[in-house]
Enquirer: 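Let me begin by handing over the structure; questions about it come next.
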Amino acid sequence: MSNEHEYDVTAIQEKWLPIWDELKPFDSNKPGDTRPKKYVLDMFPYPSGDLHMGHAEAYALGDVIARYWAQKGYNVLHPIGWDSFGLPAENAAIKRGLDPKGWTYDNIAQQRASMRRYACSFDWDRVLVTSDPIYYRWNQWLFLEFYKRGLAYRKNSAVNWCPSCQTVLANEQVVQGLCERCDSVVTKKALTQWYFKVTDYADRLLDDLDTLEGNWPGKVLSMQRNWIGRSYGAEVDFEIEGRAEPVTVYTTRPDTLFGATFMVVAVDSALASELVEESESEIHSAFDAYLEQTKKSNDIERLATDREKTGVFTGRYAINPVNGERIPIWASDYVLADYGTGAIMAVPAHDARDGEFAAKFDLPVRVVVDNQDDIAGDGPHLNSGEFDGLHKEEASEKIVAMLEAKGKGKKAKNFRLRDWLISRQRYWGTPIPIIHCDSCGEVPVPADQLPVELPSAEGLDLKPKGSSPLGAAEDWVNVACPTCGKPAKRDSDTMDTFVDSSWYFLRYLSPKSETEAFPVEAAKEWAPVDQYVGGVTHAILHLLYARFFTKVLHDIGLIDFEEPFTRLLNQGMVQMNGSAMSKSRGNLVRLSDQLGEHGVDAVRLTMAFAGPPEDDIDWADVSPAGSAKFLARAWRAANDVTSAPGVDVTTGNKELRKATHSFLRDFGPLIEGFKFNVGVAKLMELVNALRKAIDGEAGGADPAVREAAEVVAVGLSLFAPYTAEDMWELLGHKPGVALAGLPAADESLLVESSIVAIVQVDGKLRDKFEVSVSITADELREKALSSDAVKRALGDSEIANIIVREPKLVSIATK
RNA sequence: GCCGGGAUGGCGAAAUGGCAGACGCGGAGCACUCAAAAUGCUUUGUCGAAAGACGUGUGGGUUCAAGUCCCACUCUCGGCACCA
């Protein structure tokens, strides 16, 4: 074979990259562009070293979608940036004695070069980097907008504390009692911290999930629903002996109020401490000891499922409002201080936890629902006075109505969701734009003084020590109060990096703007994001926060939509030999090695072809070498086309044309349905048909061969942009296969004149034969019954029924 | 414990209730070659020489017809988990 017929991956890559840099086919900001708009967004990377196999999968799949819509004639906005603030940069910097800034920006440069080579259809004029002051000044601006509206506030409470990272964590960052970053056991610490008032939006965050049904993975929707965790029930007031104010409890089962035989308050609540205040000293000291022990324990111990219930009696009594009964008040750690009211009515007969507690401390149990004949737990009520005989729903309603009439209770709902703690005691983040003044209190930094830039890390001790390193930056932290001018101090904490990613999709619309966070008019045209692509690891955190920000921005009047991401695709993970890749496991596959060995196109194609995008890929099970082989085969076919561009294809080989147009019919719906692997399979079928035609009767000069080769090039451009572009050139076209477009399928070529009919006897396939598509039911039945194979299968049995679905099928049932 | 997925050849996987296993990997064979690689072609669910039988985790059901729908179960992977 001569040299010019060799498929040389490296040469092709080197050839096209500079040409694309010049041509900018994916510039989404061309003046006078009238194409309809489409916003396709990949979750932006964190710059921790070079790109890895996981990135390669995510960006390959996102690019298939972006390139598909570009081929369909859309002006596709497909941007990329870096989520570059955060702990790993800081920890790496401490470890290596470097500035987090240098480490971060070096990694960005490396990832950027890798991405360019990976040839995604990014618009390189819209790059954003969250650690740039030009970006994070708008974090600060948004923070102050939130602050103005009471959506950012400071409170003192027991917060999650990671003793290793030496910083607080949001609820969402605590996974099974462990820090999501470093797996240290999370403890509690009382601190004054900044929060965003997500709970104000709990109902909308939950209810609007319904509008995403079908367009987001069901798994993500259910995880979000679970996380928000709305429950309906009632608040009930219990009078307390010797206390002026009643104590309110929250319950989802007001119907079981007659079975409430004691009350439990969270041991770490203010209420508990207050209640024991007046109790005898013995009780008081027992309580203190128990509280001390609780504070020392961490969530891991607290949440162990098989753990026995613990608690102490407070020495106080409450009065059950429905029957006037005097019930003891206990304190325990199984009641949470920050859910509901921090106090519960215990119904040991019908709540497993209360039951365990009652058994442990020998407290009375009263059955109020007869569940003997009803495993669903909705038997008739008893021991409930006038409510006896009623079932759950009716009993609840009537009891709540009675409480309401007496002013002792009301309907209520509760959420699992807590407000978002955004303060972090670390250096590498957005400074919180608040100044603390002894006379004026919290003073927002005036808008014209934004951004509050991070001071240089030089001379600062970044080692975690429980307070922000920024506190030691004397020149930075000490300022004059903007209101009174007296000496004051900047807030030295930085924001959680999830603040950065909560609105970045809007910033891509004007990443360099110094006058606004994002352009309101352009947002109307481009946003919300039509297609979001990223890992399921962000199913709760990032997506919930971004949804919250979107709703706030909507309420402020800056955007006209309430959900940021219309459609969501969660790609799976890339594994090796059955487990996640890691250096310590020794199963790390380096992306750069794979790209060097097989080429960019083959790696990308492998990601798309391996299976459904949401499934994990085990790199040991797939074949990038096979992908490379296929690409070479497709490329060689383009080489073998000898007709001129623009040749009249209608005279071409019928069979090949049919294959081409049936591909054109199938391809679009497959890609739009995320069935990329099947789309690639269809391309392979077309290449096989093309090869056959070139080597067979049709030959390389047949116009149908050109038609098929061009369709292959365009289809392939979604997965293998280099090979596709090179094929396009071989076929005599100017560079630009990415925007060449796919022709519509010519349906007239797809009309079949004959079809293979099948005959089943008792559900088993017995014969098949070619028939005209216009065959009548009677003719088909006759043909089936006269078939030898069918006769043999029927034997002596009597026919009970014959179903004919002409022209495809005859189904014979015997008696 | 609760809520969701999933289970199809040696492997990754296809399949609007209508020919199970498309497409690919791997295997076998042939051609080309002095030879190998590369390439092209043929073949490849299991058992069987063949006819044929069996076959989509298990057991039932609906249907002329079930991988697909219904019921029960097993295994497996996620998520949540003292939220009253």
Enquirer: Expressed as a whole number of Å, how far does the P atom of B:A7 sit from that of B:G17?
Expert: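 Roughly 16 Å separates the two P atoms.
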
Enquirer: Please check the phosphate of B:C80 (OP1 and OP2 only) for any side-chain N or O of A:R225 closer than 4.0 Å.
Expert: no

Enquirer: Using a heavy-atom cut-off of 4.0 Å across all strands, would you classify A:Q760 as base, sugar-phosphate, or nothing?
Expert: base

Enquirer: Strictly by modelled atom types, are A:R416 and A:N226 linked by a side-chain donor-acceptor pair under 3.5 Å?
Expert: no

Enquirer: Mapping A:G218 and A:S811 onto RNA chain B by nearest heavy atom, which one lands closer to the 5' end?
Expert: A:G218

Enquirer: Write down the distance separating the P atoms in B:G67 and B:C73, rounded off to the nearest Å.
Expert: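 One P to the other, the span is 23 Å.
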
Enquirer: Please give the nucleotide sitting opposite B:C2 as a Watson-Crick or G-U wobble pair, both distances under 3.5 Å, or none.
Expert: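 Its partner is B:G79 (Watson-Crick or G-U wobble, both distances under 3.5 Å).
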
Enquirer: Roughly how many Å apart are B:U16 and B:A22, using the C1' atom of each and rounding to a whole number?
Expert: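 My reading of the C1' atoms in B:A22 and B:U16 gives 16 Å.
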
Enquirer: Can you find a side chain N or O atom of A:R416 that sits less than 4.0 Å from OP1 or OP2 on B:A81?
Expert: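 Yes, within the criterion.
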
Enquirer: Any strand is fair game: report the nucleotide pairing with B:C73 by Watson-Crick or G-U wobble, both distances under 3.5 Å, or none.
Expert: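 Paired with B:C73, as far as the under-3.5 Å criterion goes, is B:G57.
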
Enquirer: Remember a base hit wins even if backbone is also touched, and classify A:R230 as base, sugar-phosphate or nothing at under 4.0 Å, heavy atoms.
Expert: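 If one applies the 4.0 Å heavy-atom cut-off, A:R230 turns out to touch nothing in the nucleic acid.
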
Enquirer: Quick one: look up who B:C32 pairs with, Watson-Crick or G-U, both distances under 3.5 Å, and put none if it's unpaired.
Expert: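 Result: none.
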
Enquirer: Identify whether any heavy atom of A:S222 sits under 4.0 Å from a base atom; if not, whether one sits that close to sugar-phosphate; answer base, sugar-phosphate or nothing.
Expert: nothing

Enquirer: Taking atom C1' in both B:U43 and B:G21, what distance in whole Å separates the two?
Expert: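 Between the two C1' atoms, the distance is 16 Å.
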
Enquirer: A:D338 or A:A610: which one's nearest nucleotide on RNA chain B is closer to the 5' end?
Expert: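 Nearer the 5' end of the strand: A:A610.
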
Enquirer: Between B:A13 and B:G61, how far is it from one C1' atom to the other, in whole Å?
Expert: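 To the nearest whole Å, 30 Å.
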
Enquirer: Return the pairing partner of B:U63 with a 3.5 Å limit on both distances, Watson-Crick or G-U wobble; otherwise return none.
Expert: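 B:U63 is paired with nothing.
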
Enquirer: So what does A:K309 touch, heavy atoms closer than 4.0 Å: a base, only the sugar-phosphate, or nothing?
Expert: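 The residue A:K309 makes base contact.
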
Enquirer: In terms of ring plane angle, is the pair A:W330 and A:F357 parallel, tilted or perpendicular, where the classes change at 30° and 60°?
Expert: perpendicular

Enquirer: Using purine N1 to pyrimidine N3 plus N6-O4 or O6-N4 for Watson-Crick, or N1-O2 and O6-N3 for G-U wobble, each under 3.5 Å, what pairs with B:G21?
Expert: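 The answer is none; no pair meets the criterion.
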
Enquirer: Could you check whether the rings of A:Y545 and A:W420 sit parallel, tilted or perpendicular, using 30° and 60° as the cut-offs?
Expert: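 Parallel, since the angle between the ring planes stays under 30°.
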
Enquirer: Can you say whether the rings of A:F676 and A:F674 are parallel (under 30°), tilted (30 to 60°) or perpendicular (over 60°)?
Expert: perpendicular

Enquirer: Could you check if a side-chain atom of A:R253 sits within less than 4.5 angstrom of a side-chain atom of A:V369, using non-hydrogen atoms only?
Expert: yes

Enquirer: Give A:S231 one of three labels, base, sugar-phosphate or nothing, depending on what nucleic acid heavy atoms sit under 4.0 Å from its own.
Expert: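 Here A:S231 touches the backbone only, sparing every base.
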
